[in-house]
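Everything below concerns the one structure shown next.
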Amino acid sequence: MNCPLISIIIPALNEEKVIGKCLASLAAQNIDCHEFEVFVVDNGSQDSTIEIARGFQNQLNLSILSKSGNISAARNFGAASAKGQFLAFLDADCCAPSGWLRRAIALMQSGDGGVIGGYHAIPTSSSWIAKSWWGDLARTKKGAVSYIPSGTLLVSQRVFREIGGFDAGLRTSEDFDLCHRAASAGYHVLAYPELSTVHLGTPQTFKAFYHQHNWHGSGVRTAFLENIFHPRFLKTFLLTLYTMFWTIVTLLGAPVAIMTKHALFLLVGPAFLLLGAVAMAIRDAAMRQRLSLILPLIPLYLVYGIARSLSLISVGDRRMPRTSGGSPVAPSIAKVGRH
């Protein structure tokens, strides 16, 4: 075979704790290594990411590139060097099961060249936070969807070039934007549970959970204005405004209570914040047919709402949030909850 059938692009920035596991999972794929090529696109790592990646050059058809800029620019740069008929975008903190590439190639060959992929599975040792929020996404997200997370996304080289690749002007929500343009051009956007990869960077603590959604929320303003009529953005925007309003009421509760000598004002804001979180938790648990998740989801929706509302007014992280392992949390569409 003169050219590989599929090209895998992995953006990387200080990934020394996870890049070895990611590349090892590709070396263990049950297809010949000459059928695919791998590009690690480094964005200025200061740790041993590059050295670890070089250690796999005898096991993989691996090239290491360097590109400064955001994650979309890194993906586009890798794609520009790719020779494969199909492109697979994989994050450095994702590990693919051994049959991942064989299944992906079969699905791509039988499709229209549009976007396919899988929602991330979580590590087996995950906390209740990760299990409650993301635990069943890999299994339940299937068929036609509005987007595929860019950490495990596949598309034909032809379609990728036709729609212009990832928008390097977006800090987040670049996966939704790409999928939206693919769908608008008439191509399928399909999720397959069998294409899921294990996301080692899944947030496991309240702090990591907050930072991820604060970061994702920073893309709401741009994405909402560019896709103002898309219902998924509208729901996210309205929920964010609801939380912001009652957060402000909560902060004003103490001075108003002092001035009016009515302690009831201390409770109004928190009560409506809690009410919103309870409503979202009930809705989420009902859609997943797991009512036992209502209680654990309530505090998560409180944190989620606050993180998104603060991101709307540019309070919080301006850099990509990082997991405890040092790996960037994969960006994705700023959405209402996990749907």
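Atom set for the values below is all heavy atoms of this structure, side chains included, hydrogens, waters and symmetry mates excluded. This is a predicted model, so every value here is computed, not measured. This chain uses plain numbering: 1 for the first residue, then up along the sequence.
A donor-acceptor pair is defined here as one N or O able to donate and one able to accept, closer than 3.5 Å; no such pair exists between the side chain of N61 and the backbone of E37. In this structure a side-chain-to-backbone donor-acceptor pair under 3.5 Å is missing from Q289 to M287.
Checked options L195, T152, V155; the residue passing with I116 is L195 (criterion: side chain to side chain contact (heavy atoms under 4.5 Å, CB included)). With I71 as the fixed residue, the side chain to side chain contact (heavy atoms under 4.5 Å, CB included) test singles out one of D91, L170, L13: D91. None of F209, Y242, W133 except one satisfies the ring-ring contact (aromatic ring centres under 6.0 Å, His included) rule with Y301; the exception is W133.
With a 4.5 Å cut-off on side-chain heavy atoms, L200 and C94 do not count as touching. For the pair P97/R103, a side-chain contact is recorded, criterion being any heavy-atom separation below 4.5 Å from C-beta on. Put simply, the side chain of L26 reaches to within 4.5 Å of the side chain of V38, judged on heavy atoms.
Salt bridge status for R288 with D136: present, with a side-chain N to carboxylate O gap under 4.0 Å. Under 4.0 Å is where a charged nitrogen must lie from a carboxylate oxygen, and between D32 and R102 no such pair does. Salt-bridge annotation for D167 and R181: absent, with no side-chain N of the basic residue lying under 4.0 Å from a carboxylate O of the acidic one.
Relative ring orientation between H199 and H120 is described as tilted, the plane-to-plane angle lying within the 30° to 60° band. In this pair, F160 and F89 present their aromatic rings tilted. The plane angle is within the 30 to 60° band.
In the hydrophobic clustering of this structure, F245 does not group with L310; members are Ile, Leu, Val, Met, Phe, Trp, Tyr whose side-chain heavy atoms approach within less than 4.5 Å, directly or through other members. Cluster membership for I282 and L295, using ILVMFWY side-chain heavy atoms within less than 4.5 angstrom, is shared. In the hydrophobic clustering of ILVMFWY residues, with side-chain heavy atoms under 4.5 Å counting as a link, L252 and M244 come out together.
Q85 and S156 share no side-chain donor-acceptor pair at under 3.5 Å. In this structure, a donor-acceptor pair under 3.5 Å is absent between the side chains of E15 and T49. S126 and Q204 share a donor-acceptor pair across their side chains, judged by distance under 3.5 Å alone. Side-chain contact, S48 with E16: a donor N or O sits under 3.5 Å from an acceptor N or O.
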Between K17 and D47, does a side-chain contact (heavy atoms from CB on, under 4.5 Å) hold up when you go through it step by step?
-> CA-CA 10 Å; K17 294 186 178 181; D47 60 5; over 6 Å; no
Mind running side-chain contact (heavy atoms from CB on, under 4.5 Å) on L60 and F36 for me, showing each step along the way?
-> CA-CA 8 Å; L60 294 167; F36 66 98; 3.7 Å; yes
Given the rule in the side-chain contact (heavy atoms from CB on, under 4.5 Å) test, do I294 and V278 qualify, once you have shown the distances and angles that lead to the verdict?
-> CA-CA 8 Å; I294 292 176; V278 169; 5.7 Å; no
Stepwise side-chain contact (heavy atoms from CB on, under 4.5 Å) test for D93 and T202 | CA-CA 9 Å; D93 59 354; T202 302; over 6 Å; no
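Minimum heavy-atom separation, E194 to W100: O-CD1, 4.4 Å. Summarising the geometry of R161 relative to A80, their closest heavy-atom pair is NH2-O, 4.4 Å, with the distance given to 0.1 Å.
Proximity of the aromatic rings of F166 and F77 is defined here by a centroid distance below 6.0 angstrom, and this criterion is not met.
In this structure, N43 has no side chain to side chain donor-acceptor pair (under 3.5 Å) partners at least two apart in sequence or on a different chain.
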